[in-house]
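Accompanying notes for the structure given below.
Just so it is clear, the model here is predicted, and its values are computed rather than measured.
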Amino acid sequence: MNEQWIETLRALRVMPVIQIEDAKDAVKLAQVLSDNGLPAAEITFRSAAAAESIRLIREALPDLILCAGTVLTPAQVDLAMKAGADFIVSPGFNPTTVKYCLEKGVKIIPGVNSPSQVEQALELGVTALKFFPAEASGGINMLKSLTGPYGNIQLMPTGGVKPANLMEYLAIPQVIACGGTWIAPTAAIRDNDWETIANNVRETCKLVNA
């Protein structure tokens with residue numbers, strides 16, 4: 001899958017995965033990410049503020065790479081796309097949600113952590129996949145095992161990926177980017193601790209660029 005949006009993710013290397021509890025914090029957070037080197041955000045539907053946060057970010061920073069994460073249902077797909085998300089990320093492989101996205105022409109990266117799920121995805125022509133939960137599912141070793149028989153898949157590991165193991169994941173050719181849950185912790189967003197988040201972004205960029 002050599003579509004431009006996948007190549008954009010590959011150039012980014014890390015996708016900040018974010019849970020926003022209050023939509024009023026969304027634009028400032030996105031600005032901090034962008035200003036410090038990561039102009040992207042995966043806003044998860046783990047909170048009721050997700051759709052409004054996506055809408056506000058899209059209006060304020062139209063060029064930001066913006067996706068909706070933890071999308072579980074077709075209804076959430078509709079909310080996310082109406083709000084302005086570029087694509088959808090789901091934690092698991094729900095055929096109903098994946099097929100809905102494909103029918104609507106919506107880009108989706110569904111979650112997998114087993115050969116059977118990879119084959120379900122390939123059956124539908126989906127090759128860009130989220131490996132989740134990465135560390136709990138066997139981490140680097142499991143990922144290498146999956147990419148052996150399925151060399152054409154492209155993966156975004158998320159869950160347990162952190163600065164200490166980030167470069168090991170990114171060294172695998174089929175890994176396009178990693179989900180960075182450590183970059184903007186929910187507590188830091190709630191406390192408006194923008195300097196901590198800015199520092200996390202700068203340190204992550206420094207690590208990747210080194």
Distance in Å, [X] [atom1] paired with [Y] [atom2], rounded so as to fall on 0.5 Å steps:
X	Y	atom1	atom2	value
Ile88	Lys104	CD1	NZ	13.0 Å
Leu66	Leu61	CG	CG	9.5 Å
Leu122	Tyr150	CG	OH	7.5 Å
Ile18	Ile43	CD1	CD1	4.5 Å
Glu42	Ile109	CD	CD1	8.0 Å
Leu29	Ile189	CG	CD1	4.5 Å

| task | Inspect the surroundings of CZ in Arg46 and state if more than 12 heavy atoms from other residues, nucleotides or ligands are less than 6.0 Å away. | result |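 Atom CZ in Arg46 is not packed in, count stays at 12 or less.
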Check for me, please, whether [X] and [Y] land in the same ILVMFWY cluster - side-chain distances under 4.5 Å, paths through other members count.
X	Y	value
Phe132	Met142	no
Met15	Val201	yes
Val17	Leu12	no
Ile172	Leu129	yes
Leu9	Ile153	yes

Using a 4.5 Å cut-off on heavy atoms from C-beta on, say whether the side chain of [Y] contacts that of [X].
X	Y	value
Tyr169	Ile140	yes
Met167	Leu207	yes
Phe131	Gln174	no
Val175	Pro157	yes

Is it true that a side-chain atom of [X] and a backbone atom of [Y] form a donor plus acceptor pair closer than 3.5 Å?
X	Y	answer
Thr147	Lys144	yes
Asn165	Gly160	yes
Asn141	Gly138	no
Asp193	Ala188	no
Ser47	Ile20	yes
Asn199	Glu195	no
Thr97	Leu72	yes
Arg13	Val208	no

| query | Under 4.0 Å between a Lys/Arg side-chain N and an Asp/Glu carboxylate O for Arg55 and Glu59? | reply |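 Judged by the 4.0 Å cut-off on N to carboxylate O distance, Arg55 and Glu59 do form a salt bridge.
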| said: Please determine whether a side-chain nitrogen of the Lys or Arg among Arg58 and Asp86 lies less than 4.0 Å from a carboxylate oxygen of the Asp or Glu. | reply: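 Yes, this pair counts.
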| message | Applying the side chain to side chain donor-acceptor pair (under 3.5 Å) criterion to Tyr100, which one of Asp78, Asn94, Thr73 satisfies it? | response |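 In the set Asp78, Asn94, Thr73, the residue that makes a side chain to side chain donor-acceptor pair (under 3.5 Å) with Tyr100 is Asp78.
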| Taking atom types as modelled and ignoring hydrogens, do the side chains of Glu119 and Gln117 form a donor-acceptor contact shorter than 3.5 angstrom? |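 No pair is found: no donor N or O on one side chain lies under 3.5 Å from an acceptor on the other.
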